Structures are given as structure tokens and as C-alpha cells.
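The structure displayed is predicted, hence computed values, not measured ones.
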Amino acid sequence: MNIIKILKKTVIDSQIYVSLMGTLFAVFFMKEQNTFRFPTILLIFITYFSGYIYTKYQYTKYFFRILVLNAVAGIACAFLIIHNHNEIRLLKWFIIVVLGLLYNSFFLDVYIRKIPLLKVFYVGLVWALVNCWLTLPEFSLPIFLISFFYITALVLPFDIRDMNSDTVKTFPMMIGVQNTKYIAYGLVFISTLIGIFYLKPLYAAAFFLSGIITYILIYFSENKRDDAYFSFGVETCSALPFLFLLIMEYF
């Protein structure tokens with residue numbers, strides 16, 4: 001039990017885990033598109049990490065430290081882009097960062113997270129833009145749709161988890177847990193279907209297997225479940241395509 005608590009505090013609460021999962025999701029598409037580069041991986045991880053800790057801790061006593069950390073992270077990201085990419089990549093990154101700030105920032109009277117039902121789609125949008133736009137020379141609509149539907153589906157179980165504490169109307173609060181699951185099933189199905197037709201065979205198979213596991217985890221998502229089920233289990237679904245790819249490539 002102590003190990004679980006330590007892992008939760010050091011890995012989950014620090015936002016390292018969700019940042020790593022998002023990065024591995026991007027790596028899956030980078031490998032499929034032959035755009036795999038370590039500076040890009042580092043850029044994506046730093047961007048996710050700084051964004052998530054900003055969102056989580058901006059209203060706490062650590063606010064000033066978070067601002068300093070984000071400033072350092074921003075400089076590091078700009079350095080990585082300038083020395084490894086081009087000014088177009090810098091502009092893309094900047095737009096995605098701004099979209100992240102619009103999601104939830106202390107200096108805005110109205111931000112995306114306050115708008116009922118919009119949160120799940122907005123998170124899917126930002127993650128999808130990282131995969132289909134930031135890492136590629138040109139915008140890829142199939143990768144955008146695969147990422148958007150899949151990530152949107154994964155956000156819905158977290159709304160189920162938080163339905164008794166959320167102050168903004170969410171799908172589980174408005175249509176119930178079961179109907180929310182039906183929406184998530186549909187989104188995963190659409191994402192998987194596009195993946196089967198668009199991705200290379202090995203990658204399509206990895207994504208298909210990920211969809212099966214995702215279906216199971218959505219099915220067992222309930223408000224009464226421990227937070228670890230969502231923070232470790234559901235969150236890991238983002239990395240499943242890459243993990244299944246590794247298994248099929250090397251074993």
C-alpha cells in the first residue's frame with residue numbers, strides 16, 4: 001500500500017505519468033509516419049508536463065514556482081525547436097500552447113473547462129494537433145481523426161470518476177453513466193475503424209488491440225472505483241498502441 005501511495009504521489013500527482021502517456025501516443029504516430037526524432041519526443045514531453053502541472057497547481061501556494069518552471073520549460077522547448085526544426089514548427093508549438101492556456105488559466109474569466117460538455121472534445125483536439133500537425137510537415141486529417149476520437153473517448157471515464165465533484169455539467173451528469181459509456185464506445189469504434197483503413201498493417205493491428213483493452217476499461221469504469229483505476233489504468237490506454245507495436249516488432 002505504501003508503494004502505491006508513493007507511486008501515486010511521485011508519478012501521478014506530479015503529472016509525469018499523463019505526460020509520458022501522451023508522449024508515447026505521439027511516438028506511435030511518429031514511427032508510423034517515419035518522423036521519429038528524439039528532440040521532438042523531448043519537446044512533446046516537456047510541453048505536456050509543463051501544461052499539466054500549470055493546470056493542476058496554478059491555484060495553489062506553488063503558483064510562483066509553477067510560473068518559473070513553465071518559463072524555463074518554454075525556453076527549453078523554443079531552444080529544441082530552433083536547433084532541430086524550423087520557424088514553422090515553432091509557430092505550430094506556440095499555437096498549441098495557447099490552446100492549452102485557453103483550457104484553464106487563472107487570468108481568464110471564462111475558459112474552456114468552464115463550458116459544459118466542451119472539455120472532453122477540447123482535450124481530444126489538443127492531443128490530436130500534437131500528433132497530426134506538430135510532428136508532421138503537413139496536417140494529416142486521418143491521424144487527427146484517429147487521435148481526436150480516441151482521446152475524447154478516454155476523457156469520458158474521467159468525467160464518470162468526477163461526476164459527484166465536478167462543478168460544470170458533464171456527460172455523465174446529464175445523460176447518465178451508461179449512456180456516456182455508449183458515446184465512448186462509439187468514439188473508440190470510429191477511431192479504430194479509421195486506423196484499420198489508414199495505418200500501416202502492423203500499426204493498425206496495434207491500434208486495434210488497444211481498442212479492445214480500451215473497451216474493457218471503459219466498460220468497468222464506475223464512479224465508485226478507486227482513482228488508481230483511472231489514473232493508472234485508463235490513462236495507460238494512450239500508450240497502448242505504442243506498447244503493442246513494440247511487442248509485435250520485437251517479440
Side-chain angles (χ1 to χ4, degrees), residues 12-27 29-30 39-60 62-82 85 87-136 139-140 143-156 158-159 162 166-168 170 231 234-235 238-239:
I12 299 297
D13 292 345
S14 67
Q15 307 303 300
I16 291 175
Y17 195 69
V18 63
S19 302
L20 179 60
M21 297 300 100
T23 302
L24 292 180
F25 192 49
V27 169
F29 292 104
M30 290 169 64
T40 306
I41 296 172
L42 185 58
L43 168 67
I44 293 171
F45 178 80
I46 294 174
T47 301
Y48 275 134
F49 180 67
S50 59
Y52 275 106
I53 62 170
Y54 171 81
T55 299
K56 184 176 180 64
Y57 295 108
Q58 62 178 311
Y59 297 108
T60 70
Y62 304 111
F63 171 70
F64 181 73
R65 296 179 186 177
I66 295 303
L67 283 183
V68 173
L69 182 59
N70 273 263
V72 173
I75 294 172
C77 288
F79 177 84
L80 283 169
I81 296 172
I82 292 170
H85 303 290
E87 65 277 2
I88 300 300
R89 181 71 62 92
L90 184 62
L91 177 61
K92 291 178 180 180
W93 173 80
F94 179 75
I95 292 173
I96 290 173
V97 169
V98 171
L99 289 174
L101 289 174
L102 293 176
Y103 174 72
N104 181 12
S105 287
F106 69 95
F107 55 84
L108 298 174
D109 292 329
V110 178
Y111 44 80
I112 300 300
R113 200 172 183 178
K114 282 186 176 181
I115 302 175
L117 306 183
L118 185 58
K119 177 185 72 174
V120 292
F121 301 108
Y122 199 81
V123 174
L125 169 66
V126 174
W127 280 47
L129 286 176
V130 171
N131 296 343
C132 78
W133 192 45
L134 180 64
T135 64
L136 300 176
F139 183 92
S140 171
I143 291 180
F144 173 81
L145 294 175
I146 294 169
S147 303
F148 175 76
F149 290 126
Y150 189 67
I151 296 302
T152 301
L154 290 181
V155 178
L156 288 171
F158 289 91
D159 279 353
D162 300 332
D166 271 331
T167 56
V168 177
T170 60
S231 299
V234 177
E235 201 73 77
S238 304

Chemist: Working to the nearest 0.5 Å, report the span between OG1 of T135 and CG of L129.
Modeler: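 Between atom OG1 of T135 and atom CG of L129 there are 10.5 Å.
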Chemist: If we only count heavy atoms from C-beta on, is the Y122 to L99 side-chain gap below 4.5 Å?
Modeler: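 Heavy-atom side-chain distance check passes, below 4.5 Å.
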Chemist: Drop me the distance from Q58's CD to N104's CG, to the nearest 0.5 angstrom.
Modeler: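 Here the interatomic distance stands at 4.5 Å.
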Chemist: Are I151 and S238 close enough, and set up right, to give a side chain to side chain contact (heavy atoms under 4.5 Å, CB included), and what steps lead you there?
Modeler: CA-CA 7 Å; I151 296 302; S238 304; 4.0 Å; yes
Chemist: Show the nearest heavy-atom pair for residues L125 and F148, with the distance to one decimal.
Modeler: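 Closest heavy-atom pair between L125 and F148: N-CD1, 3.5 Å.
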Chemist: Would you call V126 and Y103 a side-chain contact if the rule is heavy atoms closer than 4.5 Å?
Modeler: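 Heavy-atom side-chain distance check fails, nothing below 4.5 Å.
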Chemist: Find out whether S147 and F25 are in side-chain contact, i.e. whether some heavy atom of one side chain is under 4.5 Å from a heavy atom of the other.
Modeler: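 Yes, side chains in contact.
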Chemist: If we only count heavy atoms from C-beta on, is the F49 to L20 side-chain gap below 4.5 Å?
Modeler: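 No, their side chains stay 4.5 Å or more apart.
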Chemist: With K119, which residues qualify under salt bridge (charged side-chain N to carboxylate O under 4.0 Å, His left out), at least two apart?
Modeler: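 Residues passing salt bridge (charged side-chain N to carboxylate O under 4.0 Å, His left out) with K119: D159.
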Chemist: How long is the span from the OG1 atom in T60 to the CD1 atom in I66, to the nearest 0.5 Å?
Modeler: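 T60 atom OG1 to I66 atom CD1 measures 6.5 Å (nearest 0.5 Å).
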Chemist: Starting from the C-alpha separation in whole Å, work towards a yes-or-no answer on side chain to side chain contact (heavy atoms under 4.5 Å, CB included) for I96 and L134.
Modeler: CA-CA 8 Å; I96 290 173; L134 180 64; 3.8 Å; yes
Chemist: Calculate, to the nearest 0.5 Å, the distance between atoms CZ and OG1 belonging to R113 and T55 respectively.
Modeler: 7.0 Å
Chemist: Would you check if Y54 and L101 make a side-chain contact, meaning some heavy-atom pair closer than 4.5 Å?
Modeler: yes
Chemist: Within this structure, what is the CZ-CG distance for the pair R65 and N70, rounded to the nearest 0.5 Å?
Modeler: 14.5 Å
Chemist: Can you see which heavy atom on W93 is nearest to which on C77, and at what distance?
Modeler: CZ2-CB, 3.4 Å
Chemist: When you compare the side chain of S50 with that of L69, does any pair of heavy atoms fall below 4.5 Å?
Modeler: no
Chemist: Please report the shortest heavy-atom distance between M21 and A239, naming the atom on each side.
Modeler: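 For M21 versus A239, the nearest heavy atoms are SD-CB, 3.4 Å.
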Chemist: At their closest point, which heavy atom of Y48 faces which heavy atom of S19, and how far apart are they?
Modeler: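 So the two residues come closest at C-OG, 3.5 Å.
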Chemist: Go through the structure and list residues passing ring pair (Phe, Tyr, Trp, His ring centres under 6.0 Å) with F63, not counting sequence neighbours.
Modeler: F106
Chemist: How about CZ on F94, more than 12 heavy atoms from neighbouring residues, nucleotides or ligands closer than 6.0 Å, or not?
Modeler: no
Chemist: Calculate, to the nearest 0.5 Å, the distance between atoms CG and CD1 belonging to N131 and I44 respectively.
Modeler: 7.0 Å
Chemist: Heavy atoms only: give me the nearest I46-A73 pair and the separation to one decimal.
Modeler: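 Looks like CG2-CB, 3.7 Å.
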Chemist: For G124 versus T152, what's the shortest heavy-atom pair and its separation?
Modeler: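 So the two residues come closest at CA-OG1, 3.7 Å.
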Chemist: Going by the rule side-chain contact (heavy atoms from CB on, under 4.5 Å), which residues pair with V18 if we only count those two or more places apart in sequence or in a different chain?
Modeler: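 Counting only residues at least two positions away or on another chain, V18 forms a side-chain contact (heavy atoms from CB on, under 4.5 Å) with Q15, Y52, W127, E235.
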Chemist: Just wondering, more than 12 heavy atoms not from F79 lying within 6.0 Å of its CZ?
Modeler: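 Not buried by this count: 12 neighbours or fewer within 6.0 Å.
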